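Working notes for the structure below.
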Amino acid sequence: MISSYTFGIYPRSEELIEATRKNTENLDSLFQSETEEYISIQKNADIGFISDPLLKWDDIFRPFSNLSGVTPTALNRIYEMNTFYRVLSFDGSAFTDGGNTVKSNLDSSLPKNKTVAIPEPFTFAELHTSNEFKRKEDFVINLAKMLRVEIDSLVESGFEVIQLLAPSIAYNKEVDFGVVSDALKIITDGLKAKTILHTYFGDVSTKIESLLDLPVSGLGFDITTTPASSIEKHSFSDKLLTIGIINSFNTAIEKPQECIKQVDEINAQAKPKESYVSNNFDLEYVPKEFAISKISVLGEIARGAKDV
Amino acid sequence: MSKLFPTQEIGSLKKPADMLKKVKDPNASDEEKIKVRNDAALLNIKTLEDIGLDIVYDGEVRRVEMYEEPVRYVDGFEFAGRVRSWDNKYYKKARVVGPVAFKQNFHAEEFNFVKDNSKKELKVPVTGAYTLADWSYDEHYKSKDELILALARNVVRPLVKDLVGLGAKIIQIDEPAATTHPSEMDIFRESINESVKGIDAKFVVHACFSGNDYKALAPQMPEIKAEQYTLEFANRDTWNTGLGDDARKGFQVLKLFKEHGFEGEIGIGVSDVHVNEIESPELIRDRILYAAKALDDPTKVYVNPDCGLRTRTREVSFDKIRTMVKGAELAREEIK
């Protein structure tokens, strides 16, 4: 048995979608009951670390629009998806509210074994703008400082695993790993929690060496875009490895035994310090009934996979 | 078309509120619903004609939405549920669970009505195979390419053939997803060519702007069997009048099309469909004149909004189209 977790935004039910569109009186209670339902579903599936389904989040960056000096602007496409996020403009010189931005947008009923995912600084800077920090490097570093305050606050309130979402590192052909590393150092230095950097929306086969050098506890891979054979070529003896085996972009439900076999094969070759399984990106890309089935399968894969 | 700088719409307009109310009314009879849809289509056709557009359609007023409408009528699809587009906006997404196949011409009634009620040239919008595949979950085919080609051959081609049989002369294949995956342009090209194979009509391809600025599309354009591309330019252009490269930043990619050997027509998007501000006729004029110079042939330039106007109010949409027609007139005067 290995451990497991999910990350990203979960799909809203049809009832909740309608309620958000009509802004019905029971909207808040629907958000709460559906959040609790998803937490129960994860617990019942034996998921190792439980996530808030982030049902109120319009995209993974939106809570940061509440920071002083930050303004939501135009809609922009999320990479090659038919989904859009709102570009935030960071115009103040220091954007922080003391580390309460993410925490205040998470459900208080999460159990002790909880995890949270937030964008890493390079991705954040790639997808947003700043009139204050004209040089990309300065923007990345200042975002890292802001995120560290957020993460300290999350760790203090009991989050054991912090996932850092890094789609831009996967998607962009050119990545300045020096800047990525400097920014991650700000986030992870002395932190009393595990940090796992998740790459998705692109094949990172040629970047794995650079990724292994980054100052994070572990790496997560979407194996629909980065082939398992590429991961297996590398040693993860100093790193945790998360295999994004559940495909959030297809309604076809994974066959647990096939997945267990694949996870065992990857782990046998990569020999990670610790192994996890997860989804490959936000579950909200499939409707709720499919997401629930996929969470159940994820738990089954984790239970069936050999311990490392 | 003999007229210089013909004007046309791209696709959808916001539906009239009274029509939506009636078609959602559980107490309304089928006859009442048919009448209100016909009235709305007629209103759009006549308004667009009165404004002075040279090529018209009905603003896609009968269609639910460009993806959901065709998927409803194609074998092999099952709706899975709604998926977020942005914020609280969702679209219905379907699973491909079996071989895809054409059942009936789901645009026949719409086309026949427009044909019977318009005096202008008609351009029929049809959702393309690549976009239908890209926006669906595939649980049946071995690869995305296989699904795309099945849709092109077994769904879009018979649909287009039937429309042409009914009298359609210009077909616009809508492919908003096309440029979002720059690495998939080969299969996109093949899907269009398969969709139109053996059919005698004028084919127009509409592709939305992506971060790639049509750079991945440009090399494919001469190889795709389309006479015209209707593309977005206004949404990244400046609002300053003028014919210089600095003022016309959004249109510079036109030169790239020519460099790659494309010699067909471009329907240039001169109105930004994402803002309510109305472009001035003089700004439209300069966008047209810049495009004519960049393509080195004014007869290759058609004039349209960037994309469908359905996210704007009807008032804003018609004001934008009205200004577009005025701008085209100003441009024609300059060329005389």
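The structure displayed is predicted, hence computed values, not measured ones. All chains are named by letter (A, B, ...) in the order of the sequence lines, taking the proteins before the strands, and each is independently numbered beginning at 1.
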For the rings on B:His206 and B:Tyr229, is their centre-to-centre separation under 6.0 Å?
-> no
Do A:His128 and A:Phe122 have ring centres separated by under 6.0 Å?
-> no
Which of B:Gly81, B:Ser136, B:Ser85 touches chain A most, by non-hydrogen pairs under 4.5 Å | B:Ser85
Give a yes or no on whether a salt bridge exists between B:Asp138 and B:Arg95, defined as a side-chain N under 4.0 angstrom from a carboxylate O.
-> no
Centroid separation A:Phe90 to A:Phe133 less than 6.0 Å = no
Counting only heavy atoms closer than 4.5 Å, note whether A:Tyr85 contacts chain B via side chain, backbone, both or neither.
-> neither
Run the ring-centre check on B:Tyr137 versus B:Phe79 and record whether the distance is less than 6.0 Å.
-> no
Interface moiety of A:Ile9 toward chain B, non-hydrogen atoms closer than 4.5 Å | side chain
Could you tell me which of A:Thr251, A:Ile78, A:Asn76 has the largest number of non-hydrogen atom pairs under 4.5 Å with chain B?
-> A:Thr251
Residue, of A:Thr83, A:Asp59, A:Asn250, A:Asn82, that accumulates the most heavy atom pairs under 4.5 Å with chain B | A:Asn82
Part of B:Ala177 lying under 4.5 Å from any heavy atom of chain A | neither
